[in-house]
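Residue numbers start from 1 in every chain, and the chains themselves are labelled A, B, ... in the order their sequence lines are given, proteins ahead of strands. These numbers come from the heavy atoms of this one structure, side chains and all, not from hydrogens, waters or symmetry mates. The shown structure was predicted, so the numbers you read here are calculated from the model rather than taken from an experiment.
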Amino acid sequence: MTSLTAKDKAVVKDFWGRISAKGEDVGRDALSRMVVVYPQTKTYFAHWKDVSPNSPNVRKHGVTVMNGVADAVGKIDDLKGGLLSLSELHAFTLRVDPANFKILSHCILVVMSIMFPNDFTPEVHVAFDKFLASLALALAEKYR
Amino acid sequence: MVEWSDQERSIINSIFASLDYEDIGPKALSRCLIVYPWTQRYFGGFGNLYNAEAIKTNPMIAAHGIKVLHGLDRAVKNMDNIKATYAELSVMHSEKLHIDPDNFKLLADCLTIVIAAKMGTAFTADIQAAFQKFLSVVVNALGRQYH
């Protein structure tokens with residue numbers, strides 16, 4: 001959709017700075033939520049015996065994904081360039097349907113709203129939603 | 001027809017029984033107008049929507065948010081037949097209000113996020129799943145009579 005304005009980037013970096021210590025918790029909760037609220041996403045984890053929300057694999061993966069988001073905040077000025085290898089991973093190896101990026105983004109936003117109800121204002125919400133959408137676009141860059 | 005488990009019914013009834021419409025309605029609608037600014041197209045006669053602060057303090061938007069939230073009451077009371085319950089409202093949204101039905105999902109997502117903030121960790125994954133299922137049935141019903 002749209003590219004990030006200077007204000008968007010500033011808001012994202014500021015909010016992330018305030019919550020990054022809880023980043024792993026956000027990731028764990030978001031992934032756990034996703035497999036419950038959107039059961040079709042479990043198809044990507046068929047190689048794990050336990051795909052329940054409390055499964056250590058699911059929770060650990062939430063941390064992995066959120067570390068990717070943290071990394072992207074640092075590369076916010078050039079997401080496409082900065083996330084090139086991650087895009088290749090998603091395109092050629094993981095082949096996650098890009099529709100799922102939106103699903104996980106929504107879960108991340110819900111968790112942020114739960115954990116930081118006063119900080120996750122509508123202004124922060126719109127900037128972070130745009131950021132996650134740009135991140136998703138950068139991840140899908142190499143798909144075709 | 002949509003199947004609801006006893007647990008899902010209980011979750012939906014519980015959320016709406018303790019819902020503060022005057023608080024949640026305005027927050028959900030104003031968040032929608034801020035996060036998805038194109039939705040402002042339907043509010044030309046609502047006064048100052050110039051920036052986030054103006055939207056958040058706009059009394060007409062607040063009143064409308066409460067009205068829209070109460071619109072969900074009928075679905076809560078008729079969970080087994082939401083489609084028929086909203087047939088007339090769907091016609092109105094299509095023929096009188098001319099709202100693009102894709103926008104219903106945007107408001108639903110904002111409502112989810114506002115309720116999540118209110119309920120905190122009590123908004124578990126199971127509760128989120130039930131709530132989102134309920135909203136998606138409502139959204140579907142509201143778009144049903146478009147032609």
Engaged part of [X] at the chain A interface, taking heavy atoms whose separation is under 4.5 Å:
{"X": "B:F131", "result": "neither"}
{"X": "B:S30", "result": "neither"}
{"X": "B:K56", "result": "side chain"}

Given the options A:D129, A:V111, A:V36, A:L109, which has more heavy-atom pairs under 4.5 Å with chain B than any of the others?
-> A:V36
Going through the distances and angles, do A:F120 and B:I113 end up as a side chain to side chain contact (heavy atoms under 4.5 Å, CB included)?
-> CA-CA 10 Å; A:F120 194 65; B:I113 283 178; 3.9 Å; yes
Please determine whether residues [X] and [Y] belong to a single hydrophobic cluster, defined as Ile, Leu, Val, Met, Phe, Trp and Tyr linked transitively by side-chain heavy-atom distances below 4.5 Å.
{"X": "B:V137", "Y": "B:F134", "answer": "yes"}
{"X": "B:Y146", "Y": "B:L97", "answer": "yes"}
{"X": "A:I76", "Y": "A:L84", "answer": "no"}

State, to 0.1 Å, how close [X] and [Y] come at their nearest heavy-atom pair, and which atoms those are.
{"X": "A:I114", "Y": "B:F123", "result": "CD1-O, 3.7 Å"}
{"X": "A:P122", "Y": "B:V35", "result": "O-CG2, 3.9 Å"}
{"X": "B:A116", "Y": "A:V110", "result": "CB-CG1, 3.9 Å"}

Got a sec: does the [atom1] of [X] have more than 12 other heavy atoms crowding it under 6.0 Å?
{"X": "B:R144", "atom1": "CZ", "answer": "no"}
{"X": "A:Q40", "atom1": "CD", "answer": "yes"}
{"X": "A:F92", "atom1": "CZ", "answer": "yes"}
{"X": "A:K22", "atom1": "NZ", "answer": "no"}

Output the distance between atom OG1 (B:T124) and atom CZ (A:R33), rounded to the nearest 0.5 Å.
->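 Atom-to-atom, B:T124:OG1 and A:R33:CZ are 6.5 Å apart.
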Find the distance between CZ (B:R31) and NE2 (A:H125) and round it off to the nearest 0.5 Å.
->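 So the CZ of B:R31 and the NE2 of A:H125 are separated by 6.0 Å.
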Who wins among B:C110, B:C32, B:A129, B:A122 for the most heavy-atom pairs under 4.5 Å with chain A?
->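 So the answer, after comparing B:C110, B:C32, B:A129, B:A122, is B:A129.
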All pairs passing side chain to side chain donor-acceptor pair (under 3.5 Å) where residues 103-116 of chain A contributes a residue, at least two apart |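 Residue pairs with at least one partner in residues 103-116 of chain A: A:H106-B:Q132.
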